[in-house]
Structures are given as structure tokens and as C-alpha cells.
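See below for the structure under consideration.
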Protein chains: 2
Amino acid sequence: MTIRAAADGSALGNPGPAGWAWYVDDDRWAAGGWPRNTNNVGELTAVLELLRATADEDDDLLILCDSQYAIKACTEWMAGWKRKGWRKADGKPVMNVEIIKELDEALQGRRVTFEWVRGHVGHVMNEAADIRARTAAEAYQARKPVPSGPGWPGKPVTTVSAEAAAAPVEPPALF
Amino acid sequence: MTIRAAADGSALGNPGPAGWAWYVDDDRWAAGGWPRNTNNVGELTAVLELLRATADEDDDLLILCDSQYAIKACTEWMAGWKRKGWRKADGKPVMNVEIIKELDEALQGRRVTFEWVRGHVGHVMNEAADIRARTAAEAYQARKPVPSGPGWPGKPVTTVSAEAAAAPVEPPALF
RNA sequence: AGACACCUUGUCGA
DNA sequence: TCGACAAGGTGTCT
């Protein structure tokens, strides 16, 4: 079997309140975010969290993603960056290098395929991830609890989301 | 009086459909291009066409330009290239040497100053030249008539632009 | 190795 | 319509 999952990020104002999400089905998804971050960190983190959530599975993993930046970072550019000391073509340092190194590690030994899906064309799974990432960003913007999702069966939710979920919930207004 | 003018070039895809433009004010500007050329030929040609358009004027000429290549070709490198038989520092032939020789000739006896302006910072005259050069390149890409501009008062428009303007215009579809 | 310019692609938004 | 976040490349010179 192949696990088919969508990953997406969101950043209101970019940079601004930001979110990430991965989605397999309504029973298997996760989301999180930050008070302020970039769209691309959201995109990378969505992929990274998906890889970690499925790290114990034996199945192949197909990642649907609308960010060529995230896809090519993992599939095309990573090798060259490592070889050249995490420098890009113009000699300047690669951005978001910490997350990218974690992605490199998380990809080791995995059978992962990326499929680019164009954004905003009504792709069902991409939209499911998109709305959850945006909802997370909006929750951070409003300083409200973040719907972090069920996660993967038998796996604890991620650190970031767990912290957010553990945050005290605003009590309902009495009357 | 000093004539203050901006010169700029554009090349879609570089090399690709390309344009040049110079701009003094909305009543004095010109543009042209080619189906395929380089960004640097566009930059050089913009300066050359400006020099030719203003060749009969007695005023000083201040050329605003964002290309250090074009500026230094005219002000720093030209003398050494001539002396060494149009060879670069590495001994190889200077590129675009025909245009550069025409620039050398057009600069003889002129009081010309170049001022470098950084691109994309909202400099008004640079942007006016930039948009006209890009519009010319886009016209060549779309095989549509090129807006060649009014030119300099009393001066015929340049050869390239005149040819483009003389090209048969697509007649409106008669339904 | 450096500089300037020209772009190409995708996303995130206002 | 506009900008930010990210990457890739070519055109040219010193």
C-alpha cells in the first residue's frame, strides 16, 4: 500500500501568523503553527511533520504538495547544498537550513514520492491540508487554541501542537 | 541646460525577446527591440540610441542607467579595449563589440555623464525606461506592433523602431 | 572570487 | 493591482 497525503503551509501577511498541516483523511491529519513565520517554513514543516508521523510505517509515502520550493528542496537541491556546504548558487547561505537538515534526516531510508499539485484548483486533499494550515495560522493570530488534529494512529501529536493544545482554553463567556 | 535621460534594456528569458528604451519625459522617449537578444545588448543599445537621438543638441547629457556593464563599458573599459585590439583582460574578444564601437563613435565630442541608479527601487525615470523596454520586448514576443515612442523632437525614429512601426498591423477581425 | 543587470518557476498573502 | 518568501539560470565585465 501507498500512503497518500497532502502537506501545506500558510502565513497571514507573510511573514505573519503561520500554520502547517498534513492530511491523509479525516481521521489522520495534524496541524500546528507559530505566532510569526514565513510561508515557506510552513510548507517545509508540513512535509517534515508528515514524515515523522509516518516514520514507523512500512508503506510507501506519496506527498501531494503545491510548493515547488519544498519539493525541489527535498528532491533536487538537497544533494548540491550538502556538497557545497549549504550554500546556494549565488554563494549565500541556504535559508531555513535547520528544517532542511531535519528533512534530509527524516528522508533517510524512506520510500517517498512527491507530486506537485497546482494550488487553488480545487484539488480535494490539497484543499483539506490548506484549510487546516490556514485555520492554525488564524488561531495563532487570534491567540486561540489551535486545532491540532488526531495525528497518526498510535503516535503522539507533535511538540508544537501539543504545547498549543495544552494551553489553557478560554472559558466560555458566562451569560 | 543638462538633458537628463534614463536608458534601460530588457530580455525575456535572457536571451529571449528583448527591448531597449530611453526616456526624457512623456513627450521625448523611444523604444525598440528584437525577436531574440541579450539583456546587455538591450542596455547598450538604449544608451546608443539615446546618444544618436540627442546628437545635434548642445546641452550636456546625463544618462541614468542601472547597468554597471553599460556604464563601465563606456567610461572605464573602452579605452583599454581599444588599446589592446578589443581584447578583454583574459585575452578573449570583447562581446558585443560592434555596438560598443558605435558607442565609442557616438561619444566623441559629447559632454556625457553617466549616473548609476539601482534597479527596482522606484526611481521614476529608470522605471519609465524600464517599462517601455519591457513593453517592447513583450511586443516582439507577441509579434505585435512595438510602441516606438515620439523620439526626439525633429528627429526621425530609429531604424529598428521605424521598421517595427512600418510592419503591417493586424487588421481588426471583421466578424 | 566579486559586481551589476536580465529573467524563469512556485507558493504565501495584502 | 501590489509585495514577501524561496530557488534556479544567463549575460557581461574586473
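Naming: A, B, ... by sequence-line order, numbering from 1 per chain. Computed from a predicted model, the values in this text were never measured in an experiment.
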[atom1] of [X] versus [atom2] of [N]: gap in Å, rounded?
X: B:Asn39; N: D:dC13; atom1: CG; atom2: C1'; result: 12 Å
X: A:Met95; N: D:dG8; atom1: CE; atom2: P; result: 13 Å
X: B:Met78; N: D:dT12; atom1: CE; atom2: P; result: 15 Å
X: B:Tyr69; N: C:A5; atom1: OH; atom2: C1'; result: 11 Å
X: B:Leu64; N: C:C4; atom1: CG; atom2: P; result: 18 Å
X: A:Glu76; N: D:dA6; atom1: CD; atom2: P; result: 18 Å
X: B:Trp77; N: C:C4; atom1: CH2; atom2: P; result: 12 Å
X: A:Lys92; N: C:A3; atom1: NZ; atom2: C1'; result: 10 Å

Would you indicate, yes or no, if [N] has its OP1 or OP2 atom less than 4.0 angstrom from a side-chain nitrogen or oxygen of [X]?
X: B:Thr38; N: D:dT10; value: no
X: A:Trp81; N: D:dG8; value: yes
X: B:Asn96; N: D:dT12; value: yes
X: B:Ser10; N: C:C7; value: yes
X: A:Ser67; N: C:C12; value: no

**In one Ile/Leu/Val/Met/Phe/Trp/Tyr side-chain cluster, 4.5 Å: A:Leu64, A:Val24** = no
**Message:** Are B:Trp86 and B:Leu107 connected into the same hydrophobic cluster when the rule is that any two of I, L, V, M, F, W, Y join if their side-chain heavy atoms are below 4.5 Å apart?
**Reply:** yes
**Asked** Counting only non-hydrogen atoms, which of residues 116-135 of chain B are less than 4.0 Å from RNA chain C?
**Response** B:Trp116, B:Arg118, B:Gly119, B:His120, B:Asp130, B:Arg134
**Asked** With no angle test and no hydrogens, is the base of C:U11 tied to the side chain of A:Asp66 by a donor-acceptor pair under 3.5 Å?
**Response** no
**Message:** Between the base of C:A5 and the side chain of B:Asn40, is one N or O donor paired with an acceptor at under 3.5 angstrom?
**Reply:** no
**Message:** Given D:dA7, D:dC5, D:dT14, identify the nucleotide with an atom nearest to the side chain of B:Ala89.
**Reply:** D:dT14
**Request:** Look at the side chain of A:Asn14 and decide which nucleotide, out of C:C12, C:C7, D:dG11, has an atom nearest to it.
**Result:** C:C12
Under 4.0 Å, counting only non-hydrogen atoms across every strand here, what does [X] touch: a base, just sugar-phosphate, or nothing?
X: A:Lys88; value: sugar-phosphate
X: B:Asp90; value: nothing
X: A:Gly9; value: sugar-phosphate

**Message:** Just by distance, no angles: are the side chains of A:Asn37 and A:Tyr140 close enough, under 3.5 Å, to form a donor-acceptor pair?
**Reply:** no
**Request:** Begin from the C-alpha positions of A:Thr2 and A:Leu61 and carry the test side chain to side chain contact (heavy atoms under 4.5 Å, CB included) through to its verdict.
**Result:** CA-CA 6 Å; A:Thr2 294; A:Leu61 177 60; over 6 Å; no
**Message:** As a quick check of understanding, evaluate side chain to side chain contact (heavy atoms under 4.5 Å, CB included) for A:Glu57 and A:Trp152, giving each step before the final call.
**Reply:** CA-CA 10 Å; A:Glu57 306 303 312; A:Trp152 190 265; 3.0 Å; yes
**Request:** Report yes or no: is the cationic atom of A:Arg87 (NZ for Lys, CZ for Arg) closer than 6.0 Å to the six-membered ring centre of A:Trp81, at no more than 45° off its axis?
**Result:** no
**Complete:** When every non-hydrogen atom of B:Ala70 is compared with those of B:Glu43, the smallest separation belongs to CB-CB, 4.2 Å
**Request:** Quick one: pull up CE in A:Met125 and CH2 in A:Trp22 and give me the separation to the nearest 0.5 Å.
**Result:** 10.0 Å
